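Only one structure is covered here, and it is reproduced in the block below.
Reckoned from all heavy atoms, side chains included, excluding hydrogens, waters and symmetry mates. This one's a predicted model, so the numbers in the text were calculated from it and none came from an experiment.
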Amino acid sequence: MKNPIDWIRAPTTVRVENRVEGGAELKLHCKSKDDDLGVRVLGTRDQFVFRFRPNLWGTTLFYCSMNWGEGQVHWFDIYIFYRDYRRCSNCQWVIRKNGPCYYDAGTREFDICYQWNR
């Protein structure tokens, strides 16, 4: 387990990879309350990587809207301080049609999967 004070010093990296079935391009738009990271279009297996330092209050949140041409926009909180700061400083995600999946270093698989936010 990380020392809780490490998050003050340590930068965090988030990687988001397109693994949407059928080879569809993924349109991704990530932002926080303070930072808009812009719209990215990812081909199959392409990644978007961003880095930041969590804030001192422990409230850092980045969320992303995503779509792949089926008309429906999905969104997910790609980094939530209270969920993620102890488990990753290099947070890796793959995006699939049924939701995002987090990389579990213990199993070395993207097997911690979530549903889309409502």
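- A donor-acceptor pair is defined here as one N or O able to donate and one able to accept, closer than 3.5 Å; no such pair exists between the side chain of Asp104 and the backbone of Arg108.
- Put simply, the side chain of Phe62 reaches to within 4.5 Å of the side chain of Thr60, judged on heavy atoms.
- Residues Leu37 and Phe48 form a side-chain contact, since some pair of their non-hydrogen atoms from C-beta on lies under 4.5 Å apart.
- Around the CD atom of Glu21, the shell of radius 6.0 Å holds more than 12 heavy atoms that belong to other residues, nucleotides or ligands.
- Within the 4.5 Å cutoff, the side chain of Thr13 has no heavy atoms near those of the Cys91 side chain.
- Put simply, CZ on Arg40 and SG on Cys64 are 10.5 Å apart, with the number rounded to the nearest 0.5 Å.
- Taking NE2 of His74 as the start and CG of Asn98 as the end, the distance is 9.5 Å to the nearest 0.5 Å.
- For Ser65 against Trp75, the heavy-atom pair with the smallest separation is CA-CB, 3.9 Å.
- Looking at heavy atoms from C-beta onward, Glu17 lies out of side-chain contact with Gln92 at the 4.5 angstrom threshold.
- Taking 4.5 Å as the limit, some side-chain heavy atom of Val16 sits within range of a side-chain heavy atom of Ile78.
- Atom CH2 in Trp93 sits 14.5 Å away from atom CD in Gln47 (nearest 0.5 Å).
- The shortest heavy-atom contact between Ala10 and Pro54 is O-CD, 3.7 Å.
- Identified under the side chain to side chain donor-acceptor pair (under 3.5 Å) test for residues 25-36, with sequence neighbours left out: His29-Asp36.
- Between Leu26 and Met66, the closest side-chain pair of non-hydrogen atoms falls below 4.5 Å.
- Under the side-chain hydrogen bond (donor to acceptor under 3.5 Å, both in side chains) criterion, Asp77 pairs with Asn117, sequence neighbours left out.
- Clustering of Ile, Leu, Val, Met, Phe, Trp and Tyr side chains at separations under 4.5 Å places Phe110 together with Val94, Tyr103.
- The shortest non-hydrogen separation linking Gly23 to Thr44 is CA-OG1, 3.3 Å.
- A chain of hydrophobic side-chain contacts below 4.5 Å, direct or via other Ile, Leu, Val, Met, Phe, Trp or Tyr residues, connects Tyr85 to Ile112.
- Cation-pi contact between Arg15 and Phe50: absent, since separation from the ring centre below 6.0 Å together with deviation from the ring axis within 45° is not met.
- Asn18 CG to Asp46 CG: the interatomic distance, rounded to the nearest 0.5 Å, is 7.0 Å.
- Contact annotation: the side chain of Val39 never approaches that of Leu28 to less than 4.5 Å [non-hydrogen atoms, C-beta and beyond].
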For Phe76 and Tyr114: C-alpha separation, side-chain torsions, deciding distance, then whether ring-ring contact (aromatic ring centres under 6.0 Å, His included) applies.
CA-CA 9 Å; Phe76 183 71; Tyr114 295 84; 5.5 Å; yes
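- Aromatic ring pairs are classed by plane angle as parallel below 30°, tilted from 30° to 60° and perpendicular above 60°; the pair Trp68 and Trp116 is tilted.
- Contact of the Cys113 side chain with the Arg96 side chain is registered, since non-hydrogen atoms from C-beta on lie closer than 4.5 Å.
- The aromatic rings of Tyr79 and Phe81 sit perpendicular, their planes meeting at an angle over 60°, well past the 30° parallel limit.
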